[in-house]
Amino acid sequence: AQTVTQSQPEMSVQEAETVTLSCTYDTSESNYYLFWYKQPPSRQMILVIRQEAYKQQNATENRFSVNFQKAAKSFSLKISDSQLGDTAMYFCAFMKHNYGGSQGNLIFGKGTKLSVKP
Amino acid sequence: DGGITQSPKYLFRKEGQNVTLSCEQNLNHDAMYWYRQDPGQGLRLIYYSQIVNDFQKGDIAEGYSVSREKKESFPLTVTSAQKNPTAFYLCASSKDRGKTGELFFGEGSRLTVL
């Protein structure tokens, strides 16, 4: 069974600074997807970034980037130039790739609560 | 605007009562999901459906039931058999039967059992 671990329950960062959220996972699968989802205080969760395991290049989306270390089973999220609107719960998630078509069944970590301070 | 609508946002229930949470989407997505969120526990999958009239159990389906009679709708019933129903419930949908893993979430429903 796959597991996702986020070891930092809470973090804080000053506005405009950079912060890194950690995520490790355990799987015997060779092909899979990893995600970071953001849940702001309004509670509607949204996808931040997505990484396919077979791609060596780290995914980036504007101020958000990941450090994907497949051998170490590590998938950290870096937020650059932090903004007040980045304050949220951040969830790391794993989905195995089914060659007949993935089913979208994500396994989530317990989350990291990030506070961006002015 | 396209999106997912969950109702009600807050719901109180007495022990022994069934309650149904509504989830409607106008994104024309094939797949829909129900997750349960507890403090410090992340999200856990209850049920999912990839097409109309078909659904599958997730990791914590006991005490819950669903139906998928229309593409747009995926209601969740929390039955009296669910031992600890107080939680935050999130509905989600995805296109392409979830192949990309990108889920679109509703704003959630908070159920409290008195």
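Order of the sequence lines sets the chain letters (A, B, ...), proteins ahead of strands, with each chain counted from 1. The basis for the numbers below is simple: all heavy atoms, side chains too, and nothing from hydrogens, waters or symmetry mates. Only a predicted model underlies this, so the values are computations on that prediction, with no experimental measurement involved.
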If you look at every heavy atom in B/Q41 and A/K110, which pair is closest and at what distance?
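That closest heavy-atom pairing would be C-CG, 4.0 Å.
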
Heavy atoms only: give me the nearest B/Q37-A/F91 pair and the separation to one decimal.
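Looking at all heavy atoms of both residues, the shortest contact is NE2-CZ, 3.3 Å.
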
Could you give the distance from OG (B/S94) to CG (A/L106), rounded to the nearest 0.5 Å?
9.0 Å

Got a second to check how far B/Y35's OH is from A/F108's CZ, nearest 0.5 Å?
5.0 Å

Please look at [X] and chain A and tell me whether the side chain, the backbone, both or neither of the residue comes under 4.5 angstrom of a heavy atom of that chain.
X: B/Q56; result: neither
X: B/L43; result: both
X: B/F104; result: neither

Hydrophobic clusters here meaning ILVMFWY residues chained together by side-chain heavy-atom distances under 4.5 Å, can you tell me if [X] and [Y] are in one?
X: A/V19; Y: A/W36; answer: yes
X: B/V19; Y: B/V66; answer: yes
X: A/L47; Y: A/V4; answer: no
X: A/I79; Y: A/F75; answer: yes
X: A/V48; Y: A/V66; answer: yes

When A/M89, A/Q39, A/E52 are compared by non-hydrogen pairs under 4.5 Å with chain B, the top option:
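Most heavy-atom pairs under 4.5 Å with chain B: A/Q39.
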
Counting only heavy atoms not in A/K78, do more than 12 fall under 6.0 Å of its NZ?
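No - once you tally the heavy atoms of other residues, nucleotides and ligands closer than 6.0 Å, there are 12 at most.
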
Tell me, yes or no, whether the heavy-atom count around B/K95 atom NZ, taken from other residues, nucleotides or ligands under 6.0 Å, exceeds 12.
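No - once you tally the heavy atoms of other residues, nucleotides and ligands closer than 6.0 Å, there are 12 at most.
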
Most chain A-contacting option - heavy-atom pairs closer than 4.5 Å, from B/G106, B/G108, B/P39
B/G106

Polar side-chain atom of A/Y37 near backbone of B/L103 as donor-acceptor pair, under 3.5 Å
yes

